[in-house]
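See below for the structure under consideration.
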Amino acid sequence: MKLYNTKTRSKEDFIPLQEGQLKLYACGPTVYNYFHIGNARAFIIFDVVRRYFEYLGYEVSYVQNITDIDDKIIEQAISEHRDFHEIADKYATAFLEDCAMLGIKPPTHQPRATHVMPQIIALIDTLVQKGHAYEVDGDVYFDTASLPEYGSLSGKQIEDQMTGARVAENTQKKHPADFTLWKKSKPGEPVWQSPWGEGRPGWHTECVVMSQHYLGESFDIHGGGIDLVFPHHENENAQAMALTGKPLARYWMHNGFLNIEGEKMSKSLKNFFTARDILEEYDAEVIRFFFLSKHYRSPIDFTRELIEESGKALQNFYKALSSVDFLSLKRTEITLSEILDVEKGFRDAMDDDFNSAKAIALLFDLAHRIRDARQEQTHREEAALMLVKLGKVLGFFQNLQSRLQDNMHDLSKQLIDLILGYRKEARANKDWALSDRLRDDLLALGIVINDSPGGSTWELRN
RNA sequence: GGCGACAUAGCCAAGUGGUAAGGCAGAGGUCUGCAAAAUCUCCAUCCCCGGUUCAAAUCCGGGUGUCGCCUCCA
């Protein structure tokens with residue numbers, strides 16, 4: 001298993017801290033709004049990381065935070081004229097709903113920042129006592145100069161980067177790179193009591209507290225979007241280094257950005273889509289296919305044409321599974337070496353820094369085998385079993401049964417409507433013998449015809 | 001100013017030294033009363049220039065182009 005580590009900018013062999021166990025942390029949302037389609041990409045990618053490790057037999061602890069106190073939430077609360085708690089709850093609930101819609105398996109733990117406030121304050125206090133943080137008039141800052149390793153994750157040299165960068169003047173800080181750990185409250189803002197007076201936590205600290213609480217002071221993989229490398233993850237790691245002398249995580253994984261029609265998604269360009277918007281229009285599984293058909297570290301361009309293309313491509317799997325009547329398969333064993341080789345190829349692809357695009361190509365290979373009329377029946381069934389097995393590792397086929405049954409259901413309805421069409425024609429020709437025969441035959445199948453002046457309808461007899 | 005990513009067929013996209021996966025679209029064959037479906041086959045030498053090598057999409061150097069980060073951001 002190799003994965004690309006942002007910290008070293010290279011692919012490395014993955015070696016877990018404890019054999020057979022994966023401690024994974026991926027940054028969740030700040031719940032000030034519905035999350036957008038770019039967030040969805042990250043959530044789906046780390047869902048697949050988690051599923052793949054589980055498939056490999058790892059015992060996975062997957063923690064994802066819900067940051068429910070932050071400037072943006074306060075701003076949103078003001079604009080909606082509501083309490084910040086209500087806003088945070090509203091969007092946290094929406095977040096969970098949307099993730100479920102996307103077929104994302106719930107993380108092992110999903111802690112909220114406001115539930116760990118004593119620990120956040122304790123962490124900041126420790127940093128102050130260790131000389132890595134300082135207070136100025138109710139605000140507490142992390143002292144980046146106190147940590148020689150600061151910048152090592154993102155590859156930034158503090159002195160260089162600040163020239164020309166748009167960094168707001170803050171005369172309170174000792175150094176422009178110093179970041180806020182604790183923020184003195186302004187009137188009307190939510191407050192917690194602290195050794196530095198009433199205030200609230202800055203960004204970055206809650207992730208350190210929550211990840212270490214569930215995963216230990218240093219864990220295996222920390223993930224998030226590429227934009228989080230700096231400053232968020234750099235600052236998280238700095239706190240951990242200052243606290244324990246050890247990095248927060250051994251491997252840092254970051255997914256690439258999502259653009260819309262070739263442009264950066266932004267509210268001002270009016271190309272900002274929430275996952276909720278997209279899910280109204282497209283199937284979650286199609287969205288997942290779209291994301292996984294490209295490597296997670298590459299930028300991805302979101303267009304309707306490409307989503308629709310993904311839908312067509314995905315349809316191949318269902319056609320194949322329908323052709324073997326997958327739901328009626330009794331066998332579960334896969335013994336054919338050719339099919340097992342495909343599984344090996346799938347693992348090789350996924351072991352290579354989660355090459356899901358290559359893995360999907362192997363799923364098509366299976367679909368192709370299933371649909372190839374020249375194959376022996378047994379081979380087709382084994383290929384179908386493997387297709388579902390591997391597809392599920394990527395999070396596909398979660399509603400396989402209803403999906404395949406719905407197809408059948410729709411077909412039945414269409415067939416009945418078709419027969420009713422013939423009967424209508426027969427009745428128009430006063431061919432009562434045929435008309436009655438059609439009605440009786442349908443009735444024998446439990447389908448009741450109701451004739452009315454406006455036409456005929458049908459229902460199933462209970 | 002600093003840092004980084006990317007550039008593969010009409011489109012999307014894998015591929016880090018040995019002669020270009022897969023998907024969408026397209027073309028042709030089989031099948032077929034016609035059509036559709038199904039199925040089979042076909043469709044690129046990898047942005048440009050130079051270098052290393054028996055051999056490069058793949059390594060090195062130089063261009064060109066696109067995008068991103070350094071400010072809240074997945």
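Below, read A as the first sequence line, B as the second, and so on, with proteins coming before strands; counting in each chain starts at 1.
With P as the reference atom, C12(B) and G50(B) are 28 Å apart, rounded to whole Å. Of the C1' atoms belonging to A7(B) and G63(B), the separation is 14 Å, rounded to the nearest Å. Atom P of A13(B) sits at a distance of 13 Å from the matching atom of C6(B), rounded to the whole Å. To the nearest whole angstrom, the two C1' atoms, one in G29(B) and one in U16(B), are 39 Å apart. Rounded to a whole angstrom, the distance from the C1' atom of A21(B) to that of G33(B) is 41 Å.
To the nearest 0.5 Å, atoms CG (Leu102(A)) and CZ (Phe35(A)) are separated by 5.0 Å.
Rounded to an integer number of Å, the gap from Ile226(A) CD1 to C70(B) C1' is 13 Å. Atom P of nucleotide A37(B) and atom NZ of Lys312(A) are separated by 12 Å, given to the nearest angstrom. We find that CG of Asn255(A) is positioned 21 Å from P of C67(B), with the value rounded to whole Å.
Using a 4.0 Å heavy-atom distance criterion, Asp70(A) is classed as making no nucleic acid contact. Contact annotation for Leu258(A): base contact, defined as any heavy-atom pair under 4.0 Å involving a base atom. Within 4.0 Å (heavy atoms only), Gly38(A) reaches at least one base atom of the nucleic acid. Among the atoms of the strands shown, base atoms are found under 4.0 Å from some heavy atom of Phe257(A).
Each of His204(A) and Ser154(A) lies near RNA chain B, and the nucleotide nearest Ser154(A) is the one positioned closer to the 5' end.
Distances shown here put a side-chain N or O of His368(A) below 4.0 Å from the OP1 or OP2 atom of C40(B). For C24(B), one of the phosphate oxygens OP1 or OP2 lies less than 4.0 angstrom from a side-chain nitrogen or oxygen of Asn316(A).
In this model, a donor atom of one side chain and an acceptor atom of the other lie less than 3.5 Å apart for Asn39(A) and His36(A). Thr274(A) and Asp277(A) are linked by a side-chain donor-acceptor pair at a separation below 3.5 angstrom, with hydrogens and angles left out of the test.
Interface remark: the Lys72(A) side chain does form a donor-acceptor pair with the C72(B) base, using a distance-only criterion of under 3.5 Å.
Closest approach to the Arg9(A) side chain among C69(B), A74(B), G4(B) is made by G4(B) (side chain taken as heavy atoms from C-beta onward).
Aromatic pair Tyr32(A)/Tyr91(A): ring centres not closer than 6.0 Å. Two rings, from Tyr282(A) and Phe289(A), have their centers 6.0 Å or more apart. Note: Tyr251(A) and His222(A) fail the aromatic proximity criterion, with ring centroids not under 6.0 Å apart.
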Quiz item: Tell me, for nucleotides 6-21 of chain B in 5' to 3' order, what letter each nucleotide earns: B for a base near a protein heavy atom under 4.0 Å, S for only sugar-phosphate near one, - for neither?
Solution: -----BSSSS-----B

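In this structure, the side chain of Lys294(A) engages the main chain of Pro299(A) through a donor-acceptor pair within 3.5 Å.
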